[in-house]
Colleague: 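So that we are looking at the same thing, I have put the structure below in structure tokens.
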Protein chains: 2
Amino acid sequence: MAKRISVSETPTCEVSCRHDDVLERVRHGLTEPEVLRWVAALFKVMGDPSRLQIVNALILSEMCVCDLAALLKMTPSAVSHQLQILRQSDLVKWRREGKVIYYSLDDEHVSNVFYQGLVHVNEKHHP
Amino acid sequence: MAKRISVSETPTCEVSCRHDDVLERVRHGLTEPEVLRWVAALFKVMGDPSRLQIVNALILSEMCVCDLAALLKMTPSAVSHQLQILRQSDLVKWRREGKVIYYSLDDEHVSNVFYQGLVHVNEKHHP
DNA sequence: CTAACATATGAATAGTTGTTCAAATGTTCA
DNA sequence: TGAACATTTGAACAACTATTCATATGTTAG
């Protein structure tokens with residue numbers, strides 16, 4: 001992030017290369033800023049390897065923190081921190097059974113997003 | 001990231017809560033680590049609002065840096081830096097026409113990923 | 001109650017990231 | 001050639017992030 005508070009004149013291409021027709025057309029087609037921020041937030045959450053591993057695991061099965069930690073070779077604490085982020089983003093839900101808390105995906109859209117990313121990567125890194 | 005080099009004993013749930021059947025099953029279903037890292041990298045790139053705006057714009061039309069800067073109210077320099085990241089991830093391609101460089105999406109998988117994210121957000125933040 | 005365990009939380013911290021500014025390329029045209 | 005412009009690049013820095021450690025919370029069994 002790091003937005004500096006300088007007030008220098010922004011050299012934003014004032015002159016010739018502007019294609020106002022394109023700008024106009026694109027501007028109307030853009031996703032609303034607020035929605036786009038939500039989408040970016042979703043991708044950001046899924047953009048961390050540890051969290052994506054967790055998502056990957058939860059696509060396959062409901063799991064407790066302890067199992068996730070063992071599976072991903074992470075500290076339960078680290079897993080818990082990441083689960084908190086996934087919880088705050090409504091990507092996962094949980095249920096308690098005694099001392100153990102089981103996490104699972106909150107909806108199937110998440111796995112759709114995951115698989116779409118997978119498709120991209122598979123087609124990209126392949127002969 | 002920030003991986004500390006401590007060598008404390010990792011308290012990784014050694015005792016009772018382990019579900020070895022689940023662990024075994026999930027372990028075999030997991031996406032290969034290297035592929036998963038690529039997917040995470042893709043989401044990470046698309047997880048920044050500025051870059052996602054650029055992607056959003058390029059879904060609608062090929063555009064030059066100057067137009068992107070004007071559309072998104074960013075410095076050409078900032079746009080260029082972000083385009084470099086999108087270029088390095090093979091998300092965009094470009095062509096030169098005189099002084100102007102036009103960017104466009106490298107393939108349609110990118111927009112599929114974008115739309116899948118959009119679907120998730122629309123269903124999530126809606127009655 | 002207390003001990004044992006699963007999970008959560010807070011603070012600290014090293015690594016990372018996005019923007020800015022200034023300066024460098026590369027291209028066209030007079 | 002040299003001025004003008006579009007774009008790129010590098011350094012610097014403030015803001016942010018993920019992990020770690022230590023500690024707290026919540027639950028069960030004895």
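Protein chains get the first letters and strands the later ones, always in sequence-line order, with residue 1 at the start of each.
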Colleague: Taking the inter-plane angle between the rings of W94(A) and Y103(A) on a 0 to 90° scale, is it parallel (under 30°), tilted (30 to 60°) or perpendicular (over 60°)?
Modeller: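 Rings of W94(A) and Y103(A): tilted, as their planes differ by 30° to 60°.
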
Colleague: For the pair R87(A) and D106(A), find out whether any cationic side-chain nitrogen is under 4.0 Å from an anionic carboxylate oxygen.
Modeller: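 No, R87(A) and D106(A) are not salt-bridged.
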
Colleague: Nearest-Å distance, CE (M74(A)) to P (dT7(C))?
Modeller: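 Spelled out: CE on M74(A) to P on dT7(C) is 14 Å.
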
Colleague: Any side-chain N or O of Q84(B) below 4.0 angstrom from OP1/OP2 of dT8(D)?
Modeller: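 So the side-chain polar atoms of Q84(B) never come under 4.0 Å of the phosphate oxygens OP1 or OP2 of dT8(D).
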
Colleague: Please figure out whether R96(A) or A78(B) has its closest DNA chain D nucleotide nearer the 5' end.
Modeller: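 On the 5' side of the pair lies A78(B).
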
Colleague: How is Y103(B) classified with respect to the nucleic acid when contacts are heavy atoms under 4.0 Å: base, sugar-phosphate, or nothing?
Modeller: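 Answer is sugar-phosphate: Y103(B) comes under 4.0 Å of backbone atoms only.
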
Colleague: Using whole Å, what does the distance between atom C1' of nucleotide dT7(D) and atom CG of L86(B) come to?
Modeller: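 For the pair L86(B) CG and dT7(D) C1', the rounded distance is 16 Å.
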
Colleague: Under the 3.5 Å rule, do the base of dT20(D) and the side chain of H81(A) count as making a donor-acceptor pair?
Modeller: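 Yes.
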
Colleague: Looking at D107(B) and K93(B), is there a salt bridge between them, counting it only when a charged N and a carboxylate O are closer than 4.0 Å?
Modeller: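 Looking at K93(B) and D107(B), the cut-off is not met.
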
Colleague: Starting at atom CD1 of I85(A), determine the distance to atom P of dG10(C), rounded to an integer number of angstrom.
Modeller: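 Value for this atom pair: 13 Å.
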
Colleague: Which nucleotide sits closest to the side chain of V65(B): dT7(C), dT8(D), dT19(C)?
Modeller: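 Closest of the options to the side chain of V65(B): dT8(D).
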
Colleague: Could you check how far CD1 of I101(A) sits from C1' of dG26(D), rounded to whole Å?
Modeller: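 The answer, rounded to whole Å, is 8 Å.
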
Colleague: Nearest 0.5 Å, please: how far is CG in L86(A) from CG in L58(A)?
Modeller: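 Output value for this atom pair is 7.5 Å.
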
Colleague: Measure across L52(A) and M46(A) and return the closest heavy-atom pair with its distance rounded to 0.1 Å.
Modeller: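 Closest heavy-atom pair between L52(A) and M46(A): CD1-O, 3.4 Å.
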
Colleague: Measure NZ/K99(A) against P/dT27(D) and give the value in whole Å, please.
Modeller: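 Taking atom P of dT27(D) as the reference, NZ of K99(A) is at 12 Å.
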
Colleague: Of all the choices, dT7(D), dT9(D), dT27(C), which nucleotide is nearest to the side chain of R87(B) once you look at every atom?
Modeller: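 The nucleotide sitting nearest to the side chain is dT9(D).
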
Colleague: Has the side chain of S77(A) got a donor or acceptor atom sitting under 3.5 Å from an opposite partner on the base of dT9(C)?
Modeller: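 Yes, the side chain and the base share a sub-3.5 Å donor-acceptor pair.
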
Colleague: dT19(C) phosphate, OP1 or OP2: any side-chain N/O from Q82(B) under 4.0 angstrom?
Modeller: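 For dT19(C), OP1 or OP2 has a side-chain N or O of Q82(B) closer than 4.0 Å.
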
Colleague: Below 4.0 angstrom from OP1 or OP2 of dT20(D), is there any side-chain N or O of T75(A)?
Modeller: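 Yes.
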
Colleague: H19(B) has an atom NE2; how far is it from atom P of dA6(C), in whole Å?
Modeller: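 The distance from NE2 of H19(B) to P of dA6(C) comes to 10 Å, rounded to the nearest Å.
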
Colleague: Send over the distance from L72(A) CG to dT20(D) P, rounded to a whole Å.
Modeller: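 Rounding to the nearest Å, CG of L72(A) and P of dT20(D) are 13 Å apart.
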
Colleague: Taking the side chain of S80(B) as heavy atoms from C-beta outward, which of dT7(C), dT8(D), dT19(D) is closest to it?
Modeller: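 Nearest to the side-chain atoms of S80(B), counting from C-beta on, is dT8(D).
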
Colleague: Between D48(B) (CG) and dT16(C) (P), how many Å, whole number?
Modeller: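 Answer to the nearest Å: 17 Å.
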
Colleague: To the nearest 0.5 Å, tell me how far L72(B) CG sits from R27(A) CZ.
Modeller: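 L72(B) atom CG to R27(A) atom CZ measures 9.0 Å (nearest 0.5 Å).
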
Colleague: Please compare V79(B) and R51(A) by the position of their nearest nucleotide in DNA chain D and report the one closer to 5'.
Modeller: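 Going by which nucleotide is closer to the 5' end, it is V79(B).
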
Colleague: Consider the side chain of V100(B), meaning its heavy atoms from C-beta on, and name the nucleotide among dT9(D), dA6(D), dT19(C) that approaches it most closely.
Modeller: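 Nearest to the side chain of V100(B) among the choices is dA6(D).
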
Colleague: Are any of K44(B)'s side-chain N or O atoms less than 4.0 Å away from OP1 or OP2 of dT16(C)?
Modeller: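 Answer no for this pair, as no side-chain N or O of K44(B) is under 4.0 Å from OP1 or OP2.
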
